[in-house]
Amino acid sequence: MTDLQNELAILDICKNLPVAKAKSDIFFIAKKPCLVYEKANGVNILKPTKEQIVEIGLFLKEFHNTTKNIQTKNALYTKNEAKKLAAKNSDM
């Protein structure tokens, strides 16, 4: 539940950025906390152009500047999990 509360807080801070939007408060299905999101606009890019990479970088800069003072303890993204993910995708 705390993870979703943190996520709602981050989404609220990022409401002016082009990210997914929460469309509900936290509710429960089979005693598990849930949220409903509105899909963010965009498409998956298989071979990005230089301009698209620049746009992604500018978005990430704005996102990280917006969220730089936020500290969460999201158990889904621990340092150990991040290391596993990075090792799994080392060809990137």
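Computed over heavy atoms, backbone and side chain alike; hydrogens, waters and symmetry mates excluded.
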Side-chain donor/acceptor pairs under 3.5 Å, residues 54-70, sequence neighbours excluded:
from, atom 1, to, atom 2, distance (Å)
N65, ND2, K61, O, 3.3
T66, OG1, E62, O, 2.7
T67, OG1, F63, O, 2.9

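Here the SG atom belonging to C34 is positioned 13.0 Å from the CG atom belonging to D25, to the nearest 0.5 angstrom. I10 contributes atom CD1, which lies 12.5 Å from atom CD of Q5 (distance to the nearest 0.5 angstrom). Atom CG in L17 sits 10.5 Å away from atom CD1 in I13 (nearest 0.5 Å).
Minimum heavy-atom separation, Y37 to A20: CD2-CB, 4.3 Å. Here the shortest heavy-atom pairing between P48 and I53 reads CB-CG1, 3.9 Å. In this structure, Q52 and K47 approach most closely via the heavy-atom pair OE1-O, 4.3 Å.
Within 6.0 Å of the CG atom in D12, the count of heavy atoms belonging to other residues, nucleotides or ligands exceeds 12.
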Next item on the list: Determine, step by step, whether K21 and L11 satisfy the side-chain contact (heavy atoms from CB on, under 4.5 Å) criterion, reporting the C-alpha distance in whole Å, the side-chain angles of both residues, the deciding distance to 0.1 Å, and the verdict.
Entry: CA-CA 7 Å; K21 309 292 184 210; L11 289 174; over 6 Å; no
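Screening L35, L4, V36 for a side chain to side chain contact (heavy atoms under 4.5 Å, CB included) involving F27 leaves a single residue, V36.
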